[in-house]
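Convention: sequence-line order gives letters A, B, ...; per-chain numbering from 1. Note that the structure is a prediction, hence the values are computed from the model and not measured.
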Amino acid sequence: METLFNQGSNLAGAVDRAFIFIFAISFIFTIGITVLMIYILIHFSRKKNKNPQQFSHNTRLEVIWTVVPLIIVLVMFYYGWVGFAPMRQVPKDAMPITVIGKMWTWDFDYGNGKISKELVVPYNRNVKLNLVSVDVNHSLFIPAFRVKEDVIPGYNNYLWFKPIMKGTFDIYCSEYCGLAHSAMLAKAVVVDSLDFDKWLADLQVTGNLPDHPGLVVMQANTCLTCHTLDGTKVIGPTFKGLYGRKTTVVTESGEKEVEANDDYIIRSIEDPNSEVVKGYNRGLMQPYKDKISQEDLQKIVDYFKTNAAK
Amino acid sequence: MSTTEHSEHIDSDTGKLGMWLFLFTELFLFGGLFIVYAVMRSKYAADFHHAALELNAFIGATNTVVLLVSSMTVAMSLTAIQQKKAGKAMGLLLITLILAGVFMVNKYFEWGHKFEIHLYPGSDVMKSMPHGEIMFFGLYYMMTGLHAIHVIIGGILLTVVIFKINSGKINAEHYLLQENSALYWHLVDLIWIFLFPLLYLIT
Amino acid sequence: MKNHDNHISSDSANWTVLLILLILTTLSILAIKIHVGAFTVALALLLASVKVTIVLTYFMHLKFENLLLRLMVGGVFLLFAIVIAITFIDYYFR
Amino acid sequence: MTNTVTKEPLNYLNHETGLWSWLTSTDHKRIGLLYMYSITVFFCVAAILGLLMRIEKMAPGQTIMTAQTYNGMFTIHGIIMIFIVVIPGLAAVFGNIFLPIMIGAKDVAFPKLNLFSWYLFMTGAMLGLYSQFANGHSPDTGWTFYVPYSAEASSNVVVALTAAFVLGFASILTGLNFIVTIHRMRAPGMTWFRMPLFPWSLYATAWIQLLATPIVGITLLMVIAERTLHIGFFDPSLGGDPVLYQHLFWIYSHPAVYVMILPAMGVVTEIFPTFSQKPVFGYVPIVFSSMAIALVGYFVWGHHMFTSGMSYESRWFFSFLTFLVAIPSAIKVFNWLSTMYGGSVDLKPPLLFAISFIFLFTIGGFTGLALGSLATNIQLHNTEFVVAHFHYIIFGGMGFAFFAAIHYWFPKIYGRMYSFKWANISWGFLFVGFNLLYFPLFIVGIQGMPRRYFDYDPKFQLGEALSTIGAFILIIGLIGMITNLIYHSRRGAIAPANPWHGVTLEWQIPSPPPHENFDEIPVITHEPYRFDHPHTN
Ligand code: HEA
Ligand code: HEA
Ligand code: CUA
Ligand SMILES: [Cu+2]
């Protein structure tokens, strides 16, 4: 069971110490200030105190409340720094995994064409994540491990950690990246070293299998962020069994039933808003007219034919 | 318009302070571009050098001299108006305007030439260049373009000043507008003094 | 603020300033030709700064303005220098 | 106001009438009111968007709007709130109305420029609204416009950028005007250290406006150039650098947060002495802390980019300076408390809002420290903890200070008095609603709930739902307060010239002030906060 404040990695302890120190100080001061204010309101209220005193400065006090907070914040800085410094010092033996962020999924590349949708990592071993973006800024965030770094195109950002707790943990994208930013999720799974080796060995090589040319076009146009191939419904209807499917669409002049043939599919891509599949919102899918060549459109249709409706 | 206008007349120190503050903001406006320039140049030193060869240092140098001289004529015209020589002041401002014109014509030929050889943002020629060179020309167009806009604004201001001297509204007692326009014009010069070595003289 | 006795700079002074500026410009072009290596950027910027200072002091009459304004101008340039420097820390150490 | 037979004495509100006389007035007080009315309208629009977002987040999954709508909504909510409401906010409203009066001047240095700024402001604001509705596609980049997304997003980003640019320009001109006013227009005898502290805070603010805003101006221009001319300053595929954009954006936008809070601090610094009948404690330290915030605040922008892949050296450097900038704020808080201490404290609505300001600002400020610390920032960056931090400090700080200011100066502005009872009741709803709305977001934020999330993990639902309930309570308070004020601005009992026994100059002239503020420019002979001298009234 994942609890709310897991310390899932070796880095978490120092981060939490900084948290505790800062929050403790904050708590003390906030309470102190509030109590003092209430005391003043009651004790010096106009009803009781008709003659306000007229003092207006006290150098010693000023010095005290400049120096004491100064010392406190320096300690805070120190805790924060100590907790942070190791995050940028990657151990030499760390296992490299390349994380590819794209609108709006994560790919975890273990090398040799082995790409996984889950971040599976071995228990108690150092892991380094190399962060690569193929489109806009993202940010890889694993709260339980207290790690987060932005995934920025053209930058080779990185992070590392050593998982010290077995289980499954959430991964979020924490840099706004467009429509499905909040759906750009994944899981980090920490398993025993042995299980990990077995899992990696079994992981299918998908990276360098030649894809159907139509699929390549669709990947290049990020269609698959809204449409799936496996039948699940995300933002748009699934592509599974699309070709030849009977669909109800809403047009300017009302609803009608169409069969997804070559023409319809091309229309739906070039001008999706003229015939909107019932149950979906107009305007979500951008028109791709002139953005995808006729040739490529045909490739897409050809691909759909490979898994037509039965 | 409200009938009882608040103090209509702005005294000269107040007006001048306002102008200086405005110049500060102008400085920071260009400052943003200088930051980008600094970072990019350190990132793509070689490309910048290569791309800068494409620029005509002679035109750049000419324009530098043109602006420096125009800066002086503006300063001298202020002296003239203070000495009650309105005619001379207008003459000097006219020379300034002509120099501004020369500057713009030079700029026109410079840019025009680049457009002829398809060297402008988004062109195929530029897209095929190394990153650093694209960046250099991007900065070049943005910086000199913004500067050129300032030259035009400065020119308009100085024209207004000429007319006001002519009609006697600007005279040896009241020359705030001229002083401020002159300050603005010097700023245009000032920016160029930095732009020139940064864009044209890269080794 | 004082400044009621507005300073009037003479034409000859203006000519002198221009002359100095032109000499500095020539210098900076020459400096490029003689290749002082890594220092060219620094040199070019140094010369430009000198020129800018001259324009500010004489053409823009800063020399004859009150201290407050001079401090402001100096402060603004300093501020800008710090901002560039801080941004640079990031790129320099990366 | 046509059929009133009773002869009111002439003042700035009634010496001329008709909409036209307002739209062309160069009277700083009227311009201030123009700002106040327009800002209030925009605030209500953006606040309703905030409420809608909260309703959407009542439960995981889609409840009342699509992801696209939600993303557009927080963008426009942020743009309006930041650029149209809080950055101009106090300075343009109360600064305009009271800065000249408090320094004994008849108007600002450049009255026409002042009116022009308002028109620029309105133009920018309208463009901002237009960007939301034109072509049916609202920009969805967040108010930060991060590239490359903002350079690619297929929506009205250019319009929104232009809006921000124009608004920035309006803000620069206001700042410029204030600096010159303070330098050149102080009444005879009002030396720098005899100037009240609200003008001081405006002075510090104005410098930031002047020197930071142009940077964001040029940055937005660069993004526009990137979108329209394909110059790739920030586009990695053309060799640009997305992180450089973040630097430039925050070089402005961090100082901008002090543009929001400094005048707020100035306002409460006026309120505490008046309602304690006691001089400000530590006048000089407060002055210098304002200037220090303005100066050091200029160098800490990098704390918004701790996870952006910035170099290690920059990270600790920025973190270090971030902590330093907390010190001047601390100094102010302690001086405020000491101002009240030993006074004759009268808990009227303005003071009630002012002490809530201290409370909320302290929470907001301390959570700012948690964000400024490197280790904890890694966990908190771009989570709802940040959202809670800045709502606490902006809405709880600047917002409550605005409420305090309007309750403080209302009798001066309108010459009438609002109902204390209603003000207090509204305050109760505001205060409770506010804390319920934002405090839970701290908790879910620490647990990892990212911001700008349309949908979320059910494990965060408790916090999110509580927060939504808070929004509904808050709204009651807001409506109550606004109604109270609007109603009594016309119908309230006539207020005396100096209802709170204040000692700064604005209280020494009639309410509402006459058109030209002073019949005779006052001569200042002593420091601003002296309650021991018997004064007029
Ligand atoms: C009015 C606006 C305002 C103000 C005044 C502040 C003030 C501060 N802010 Fe905040 N901040 C924002 C508005 C503001 N902020 C906004 C809008 C964002 C989000 C932007 C976005 O991404 O959309 C943000 C984000 C933000 C971040 C980035 C978070 C992230 O995205 O990762 C950080 C990090 O350091 C930070 C820190 C601070 C600090 C240290 C202060 C300090 O100045 C606070 C100082 C105050 C105190 C410390 C409390 C009072 C003092 C005492 C009671 C005395 C006792 C004190 C001690 C013992 C120390 N803020
Ligand atoms: C001044 C600044 C300010 C203020 C006052 C507010 C006020 C509110 N904000 Fe705002 N908020 C921001 C500035 C502000 N916000 C910024 C800068 C962002 C970041 C944007 C980004 O990520 O880019 C943000 C983001 C933000 C989010 C995060 C979005 C996300 O990351 O997913 C949320 C979500 O709950 C939210 C909610 C609210 C709510 C409920 C209010 C409430 O307090 C509002 C209270 C008001 C009401 C509930 C309605 C009042 C109604 C009336 C007064 C009507 C009366 C009507 C008439 C008289 C006609 N805001
Ligand atoms: Cu990817 Cu947000
Ligand atoms: Cu900040």
Look at D/Y245, D/W207, D/Y252 and state which one has the largest set of heavy-atom pairs under 4.5 Å with chain B.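 It is D/W207.
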Spacing of CE belonging to B/M40 relative to CG belonging to D/D241, to within rounding of 0.5 Å: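 B/M40 CE to D/D241 CG: 5.0 Å, rounded to 0.5 Å.
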Rounded to the nearest 0.5 Å, how far does CG of B/L17 lie from CD1 of D/I179?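 Atom-to-atom, D/I179:CD1 and B/L17:CG are 8.0 Å apart.
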Around atom [atom1] of [X], are there more than 12 heavy atoms from other residues, nucleotides or ligands closer than 6.0 Å?
X      : atom1 : result
B/H131 : NE2   : yes
D/Y119 : OH    : yes
B/K164 : NZ    : no
B/Y184 : OH    : yes

Proximity breakdown for [X] and chain D, heavy-atom pairs closer than 4.5 Å:
X     : result
B/V36 : both
B/L21 : both
B/F22 : both

Looking at chain D, which one of B/Y141, B/W20, B/Y44, B/F30 has the largest number of heavy-atom pairs inside 4.5 Å, strictly under? B/Y44
Which of the residues B/L27, B/L139, B/D47 is involved in the greatest number of heavy-atom pairs with chain D at under 4.5 angstrom? B/L139
Checking side-chain contact (heavy atoms from CB on, under 4.5 Å) against B/L29, which of D/T213, D/I215, D/I218 comes through? D/I218
Run D/H183 and B/D13 through side-chain contact (heavy atoms from CB on, under 4.5 Å) and show every step you take. CA-CA 10 Å; D/H183 270 276; B/D13 279 1; over 6 Å; no
Is there a side-chain contact (heavy atoms from CB on, under 4.5 Å) between D/L210 and B/F28? Walk through the geometry before answering. CA-CA 9 Å; D/L210 196 71; B/F28 274 79; over 6 Å; no
Structural part of [X] lying under 4.5 Å from a heavy atom of chain B:
X      : answer
D/L221 : both
D/L176 : both
D/F178 : neither
D/L211 : both

Report, by ascending residue number, the residues of residues 142-152 of chain B in heavy-atom contact with chain D at a distance under 4.5 Å; give 'none' if the set is empty. B/M142, B/L146
For D/S171, give me all partners under side chain to side chain donor-acceptor pair (under 3.5 Å), at least two apart in sequence or on another chain. D/Q209
